[in-house]
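Below is one structure; the comments refer to it alone.
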There are 2 protein chains.
Amino acid sequence: MNTDPVALPIASVERETGLSKDTLRVWERRYGFPVPARDAKGERLYPLGQVRRLVQIKRLIDRGHRPGKLLTLDEGALAALDAPLDAERPEISTRHLDRWMHLVKTHDHEAMQALFRRDLFRCGMSRFVQDIAAPLIARVGDAWARNQIGVFEEHLFSQHLEKLFRSALSGLALNDGRPRVLLTTLSGEEHTLGLLMVEALLTVEDAYPVLLGPQTPVSEIVRAALAKEIDAVCLSFSSAYPVSLATQGVIELRRSLPADICIWAGGYGVKSLRKPPGGVCLIPEFADLFACLGAWRQTRQTDPLPRQGKHTEDN
Amino acid sequence: MNTDPVALPIASVERETGLSKDTLRVWERRYGFPVPARDAKGERLYPLGQVRRLVQIKRLIDRGHRPGKLLTLDEGALAALDAPLDAERPEISTRHLDRWMHLVKTHDHEAMQALFRRDLFRCGMSRFVQDIAAPLIARVGDAWARNQIGVFEEHLFSQHLEKLFRSALSGLALNDGRPRVLLTTLSGEEHTLGLLMVEALLTVEDAYPVLLGPQTPVSEIVRAALAKEIDAVCLSFSSAYPVSLATQGVIELRRSLPADICIWAGGYGVKSLRKPPGGVCLIPEFADLFACLGAWRQTRQTDPLPRQGKHTEDN
DNA sequence: TCAATACTTTGTCCAAGACAAAAATATGAA
DNA sequence: TTCATATTTTTGTCTTGGACAAAGTATTGA
């Protein structure tokens, strides 16, 4: 009686791919792909194959390709574009990540937990996040998108990673460092793992993170920032979050927030953004977080004049 | 200084209120509210006042009111609906809880964290959950529904409670106890705190909780239960979760799950259920969890034959 | 090489109609 | 009464094709 869905309605495809319903419909009209089947009601039903291809296309768009090109390509040409990235991606210990993926697929949570601890103590929080946790999350997300693992395996993995970070954090005393950074996501973005990783990094870097949890409306972020005397607001966007919503939300936040409070926007969701909205720092990789942190400390801890200013600002 | 936006485009309103663009447009067409202004392009611009009212309406809908009624009401009648939730709540040991609520309202998270720890060590996990955490969550939820506190205060409170439970749990070794209980919620139910509290209680009671996180589809719950050799599946329902969805989901789960795996359904969301669907235990209060646990152990811990008497070796 | 211009691509918005799932209400039986 | 079933209303999501501006690309001129 198990109902394996062979095709998804448009709302599900929107969620799975991060492409808006409008975009899906206009692509069909303009480029002739995707061409979903229709149910009795005349509504679109996207076969899983097309959904997978859409995910692949979305990934390529985020990497800088243009939709008009991609959508006219056939299966093979698409795969050809997908491959060369693998070569350039720094293959940090693929072997080790493979071992991890095996544990995820076999949902062996005891072994997972043990390996988490071992890896964390072996390479330290900062390297653990950048070299293991972040790429692993990406791979698990990928595997899920390709239907190689189920919801259950993904959930179990997330929960154990979350457990690890939280227990690591509970062992760290929080001293009154600077900057004070508010961590949250905009409404609609549910993923908390990114925030937890940032919290961990900030803690070991002697900053003062304030974790607000996911899905805070802009107006409430502003209230929180003022009440807790925040220096910077850090937002996290997963790859599924619509880019347009992200940029619009960030711009709105920038408008509503005092100019002396920085905005840092991170996560896979901002990788596709070429140029940041004015007054916002992009953090596509965790390494960039350290850059932001350093920049903030330099401008605030020394005098307020910007060092590398091109213009002679004081006349 | 910075131009305070006096009106928001439809995408922003979707993000802030959680109402889809389609819904916003169809409400305007059907009920005559909201009536946004238009920009030069003819696109909707929602004044902040209307956005606030939409947020209020959404909250009332989540509480069970119907859109058709709410949208024809004026300002005053709407506010009147926001108040009268008072009478029905039992007021337990209010003095201490009042102190708590004060911390929540002043969002003093350092003091919150400290008081959490103190209370937990003073009265032990089991009493802490039943006498402090659970009623406090109810009161905070209430206060939020009545607009006495904002999203920001509610988020901060939840995060710190979660942090507390997770750090307490990370200190407890998990031994191979029985029953093995799978903890999760059905799709649509996002709240994790209930699961964490159950995890804490089960751990101190020498059971073996497997936390799967929120929003698992029924079919995946079944997969997980079989793979992890689960004895009981425990679901949590917050008060916001529609009762009909809850019963339907539970019934479906009961159908798909082997008969020897128990189903325990807990949380505020099941309090209104008079009679449980066949083969399902209801846990409206945390105290009932202990009853379920005891019952399971009595039937299973002796040998597989349904023998009522205790073993002689104990006496 | 760089900046300003003109052209192309692309995502979002709009309108009004349609329909089924959910909720409320009515009806009948134990 | 209380429960189960049928009927009506409510309500959110999906449909179509057209329009438009912002972002991206190509072209031009210094």
Side-chain angles (χ1 to χ4, degrees), chain A residues 7-15 17-33 35-46 54 57-58 60-72 241-249 251 272-278, chain B residues 7-15 17-33 35-46 54 57-58 60-72 188 241-249 272-275 277:
Chain A
L8 303 179
I10 194 168
S12 302
V13 179
E14 174 180 42
R15 191 171 39 70
T17 62
L19 299 163
S20 78
K21 299 187 187 84
D22 275 321
T23 302
L24 288 168
R25 285 192 277 253
V26 89
W27 279 5
E28 180 181 344
R29 201 198 313 166
R30 283 192 191 138
Y31 311 113
F33 183 86
V35 199
R38 300 291 176 133
D39 66 3
K41 213 203 299 182
E43 299 186 352
R44 292 172 173 80
L45 276 181
Y46 294 83
L54 285 169
I57 288 175
K58 174 62 164 28
L60 288 167
I61 289 177
D62 289 347
R63 209 184 287 166
H65 293 269
R66 305 217 63 193
K69 301 277 163 57
L70 297 172
L71 286 162
T72 56
Y241 200 75
V243 185
S244 58
L245 277 188
T247 44
Q248 222 164 348
I251 289 172
S272 52
L273 285 185
R274 300 272 167 99
K275 91 173 175 215
Chain B
L8 303 179
I10 194 168
S12 302
V13 179
E14 173 180 42
R15 196 166 34 67
T17 63
L19 299 163
S20 79
K21 298 186 187 79
D22 274 321
T23 301
L24 288 168
R25 285 193 277 254
V26 90
W27 279 6
E28 181 181 344
R29 200 197 316 165
R30 283 192 191 138
Y31 311 113
F33 182 87
V35 199
R38 300 291 176 135
D39 67 1
K41 214 202 298 181
E43 300 186 350
R44 279 165 248 259
L45 277 181
Y46 293 82
L54 285 169
I57 289 174
K58 176 65 166 20
L60 288 168
I61 289 176
D62 289 346
R63 204 193 286 171
H65 290 87
R66 308 221 58 196
K69 300 276 161 60
L70 297 173
L71 286 162
T72 56
Y241 200 75
V243 184
S244 58
L245 273 188
T247 43
Q248 196 185 326
S272 51
L273 282 184
R274 301 270 168 100
K275 99 174 175 211

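The sequence lines fix the lettering, A, B, ..., with proteins before strands; numbering per chain opens at 1.
Whole-Å rounding puts the A:Glu28 CD to D:dT16 C1' distance at 11 Å. Distance, A:Leu45 CG to D:dC14 P: 11 Å, rounded to whole Å. Taking atom CG of B:Leu24 as the reference point, atom C1' of C:dT12 lies 15 Å away to the nearest angstrom. The distance from atom CD of A:Glu14 to atom P of D:dC14 is 8 Å, rounded to the nearest whole Å.
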Expected string for nucleotides 7-13 of chain D under the B/S/- scheme (protein heavy atoms, under 4.0 Å, primed atoms plus P, OP1, OP2 as sugar-phosphate) is ---SBBB

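The CD1 atom of B:Ile10 sits 8.0 Å away from atom CD of B:Glu28, with the distance rounded to the nearest 0.5 Å. Of the inter-residue distances, the one linking A:Glu14 atom CD with A:Asp22 atom CG reads 9.0 Å to the nearest 0.5 angstrom. A distance of 9.0 Å separates CG in A:Leu54 from CD1 in A:Ile61, rounded to the nearest 0.5 Å. Taken from CD1 in B:Ile57 to CH2 in B:Trp27, the straight-line distance is 6.0 Å, to the nearest 0.5 Å. The distance from the CZ atom of A:Arg38 to the CZ atom of A:Arg44 is 4.0 Å, given to the nearest 0.5 Å.
In terms of phosphate contacts, B:Arg38 brings a side-chain nitrogen or oxygen within less than 4.0 Å of OP1 or OP2 of C:dA15. Contact check, B:Arg25 against C:dC14: a side-chain N or O comes under 4.0 Å of OP1 or OP2. Not one side-chain nitrogen or oxygen of A:Arg44 sits closer than 4.0 Å to the OP1 or OP2 atom of D:dC14.
Contact record, B:Val13 with B:Thr17: O-OG1, 2.7 Å, taken as the closest heavy-atom pair. Across all their heavy atoms, A:Pro9 and A:Leu45 have their closest contact at N-CD2, 3.9 Å.
Each end of the helix from C:dT1-D:dA30 to C:dA30-D:dT1 gets its own rotation axis from five pairs of C1' atoms, and the angle between them is 30° to the nearest 10 degrees.
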